[in-house]
Chemist: 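Got a structure for you, written out below as structure tokens; questions coming shortly.
Labels below follow one simple rule: chain letters A, B, ... track the order of the sequence lines, proteins then strands, and each chain is numbered from 1.
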2 protein chains.
Amino acid sequence: MKHEITAGEKPAEEIYFPKDIKKTKQRVEIFRILSTASRPMSAAEIYQCLIKTMEGTNFAISTVYRGLAVFEEKGYVTKSTWMGTETYCYEWNQGRHRHYAVCLKCHKLVPLESCPFEHAKIHKLGDDFTVTGHKLELYGFCRECKGKALDGKCGIK
Amino acid sequence: MKHEITAGEKPAEEIYFPKDIKKTKQRVEIFRILSTASRPMSAAEIYQCLIKTMEGTNFAISTVYRGLAVFEEKGYVTKSTWMGTETYCYEWNQGRHRHYAVCLKCHKLVPLESCPFEHAKIHKLGDDFTVTGHKLELYGFCRECKGKALDGKCGIK
DNA sequence: CCGTAATTGCAAATGAGTTGCAATTGCAAT
DNA sequence: ATTGCAATTGCAACTCATTTGCAATTACGG
């Protein structure tokens, strides 16, 4: 299922449309947009891209939601929210999970290079809870917003 | 502002209505409910408590939202969402921040005893981002829901 | 007790996300 | 290639949490 690997090189791992999901042109577009996106996107953002790409074709936002739900159910997409926003964002799972720092002013997401829990043992909570995953979110201000952090609304005080 | 401390004892730290917020009977009730709650509550849950306590008085859910917004603005309340729910929950800030494990089935929140980052140094992100805080969320299944985890919808796969 | 600004209740609006349904499409079997 | 049928789609109407406009009420300093 992986691309052929040329010795000594580190090819971008190519991502194919999942074989266990029925292919439709709408889903293929959603897949294309999300799997090549460099950051999590909201359904509305994906829809906007879709409209541009598919000019002439009709497209419903509900199709986007339904498609994303299918991808999520099968584990190809992760859906989450971040501090300071009210809408869900969707991210194509590239093998390992990711964490972000989210700017409280402009809501930009800065990916963390590694997961601080990769080798930690917070997964022990006694018998009371079986941990299957975690979500970590740093927040603060990105370089551009720092300094003007006190102007206007920041989503948090 | 703190309660008198009797030697050798560990008194429950008493919480008073913030002096920098205008007192109204509605806000006092919201304060009372939230500051004595053992877990984050949604606006609707707070509203339900309010209705019970204040039988006879009229009460609007919008007042709850507005009150919570005031408390949050001044830093007395933290508002967040957890995986698998769509509504915000509000928590009275008792000095230090808290993290939770959230059950993907029943949505129960189990508080973590300590913050794994208390002494860690993930707060360094180079010059690109100034971290002011973080949010950690473990997810999985609580004791009661484990075992029946595969029945019905779990909010995640 | 009065005056005024802040707060409230109410009802209507918002906005993300969902759903029912009839029309369309994908695709496997012919 | 054509057919048949279940899955998917577009659409419009809906849900539900949260917000907002506004007139009436309340808190609180003078």
Chemist: If you walk 5' to 3' along DNA chain D, what is the first nucleotide with an atom under 4.0 Å of a heavy atom in chain B, and what is the last?
Modeler: D:dA17 to D:dC28

Chemist: For DNA chain D, which residues in residues 56-67 of chain B have a heavy atom at a distance below 4.0 Å?
Modeler: B:Ser62, B:Tyr65, B:Arg66

Chemist: Does NZ or CZ of A:Lys135 lie under 6.0 Å from the centre of the six-membered ring of A:Trp82, at an angle within 45° of the ring axis?
Modeler: yes

Chemist: Could you tell me the separation between the CD atom of B:Gln26 and the C1' atom of C:dA6, rounded to a whole number of Å?
Modeler: 12 Å

Chemist: Tell me which donor-acceptor pairs under 3.5 Å the side chains of residues 53-68 of chain A have, and how far apart each pair is, sequence neighbours excluded?
Modeler:
unit_1: A:Thr53; atom_1: OG1; unit_2: A:Cys49; atom_2: O; d: 2.7
unit_1: A:Thr57; atom_1: OG1; unit_2: A:Met54; atom_2: O; d: 3.2

Chemist: Looking at residues at least two apart in the chain, or sitting in another chain, which of them share a side-chain hydrogen bond (donor to acceptor under 3.5 Å, both in side chains) with B:Tyr76?
Modeler: B:Asp20

Chemist: Do A:Ile21 and A:Arg27 touch side chain to side chain, with heavy atoms closer than 4.5 Å?
Modeler: yes

Chemist: In chain order, what residues pass the side-chain hydrogen bond (donor to acceptor under 3.5 Å, both in side chains) check against A:Ser35, with sequence neighbours excluded?
Modeler: none

Chemist: Grab the two heavy atoms, one from B:Ile46 and one from B:Ile33, that are nearest each other, plus how far apart they are.
Modeler: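 Smallest interatomic distance, heavy atoms only, reads O-CD1, 4.0 Å.
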
Chemist: With DNA chain D as reference, determine whether B:Glu86 or B:Thr24 sits nearer its 5' end, using the nearest nucleotide of each.
Modeler: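 It is B:Glu86 whose nearest nucleotide is closer to the 5' end.
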
Chemist: With A:Ser42, which residues qualify under side-chain contact (heavy atoms from CB on, under 4.5 Å), at least two apart?
Modeler: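 Scan of A:Ser42 (side-chain contact (heavy atoms from CB on, under 4.5 Å), adjacent residues dropped) gives A:Ala44, A:Glu45, A:Thr87, A:Cys89.
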
Chemist: Please list, chain by chain and in numerical order, all residues satisfying side-chain hydrogen bond (donor to acceptor under 3.5 Å, both in side chains) with B:Gln26, sequence neighbours excluded.
Modeler: none

Chemist: Where along residues 29-44 of chain B does a heavy atom fall under 4.0 Å from DNA chain C?
Modeler: none

Chemist: Taking the axis from the first five pairs and the axis from the last five, what angle separates them in the helix from C:dC1-D:dG30 to C:dT30-D:dA1, rounded to 10 degrees?
Modeler: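 Rounded value for the end-axis angle: 30°.
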
Chemist: Can you sort out the partners of A:Glu91 under salt bridge (Lys or Arg N to Asp or Glu O under 4.0 Å), two or more places apart, ordered by chain and number?
Modeler: none

Chemist: Round to a whole Å and report the spacing from CD1 of A:Ile46 to P of C:dA16.
Modeler: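 Interatomic distance, CD1 of A:Ile46 to P of C:dA16: 14 Å.
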
Chemist: Would you kindly compare B:Tyr90 and B:Lys22 by the position of their nearest DNA chain D nucleotide and give the one closer to the 5′ end?
Modeler: B:Tyr90

Chemist: Can you name the nearest heavy-atom pair linking A:Cys142 to A:Cys103, along with the distance?
Modeler: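 For A:Cys142 and A:Cys103, the tightest heavy-atom pair comes out as N-SG, 3.5 Å.
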
Chemist: List for me each residue that meets ring-ring contact (aromatic ring centres under 6.0 Å, His included) alongside A:Phe71, sequence neighbours excluded, and say none if there are none.
Modeler: A:Phe17, A:Trp92

Chemist: What is the distance, rounded to the nearest whole Å, between atom NZ of A:Lys19 and atom P of C:dA28?
Modeler: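 Roughly 14 Å, once rounded to whole Å.
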
Chemist: Under a 3.5 Å distance rule, please check whether B:His107 uses its side chain to pair with a backbone N or O of B:Gly84 as donor and acceptor.
Modeler: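 It does hold such a pair.
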
Chemist: According to salt bridge (Lys or Arg N to Asp or Glu O under 4.0 Å), who are the partners of B:Lys79, at least two apart in sequence or on a separate chain?
Modeler: none

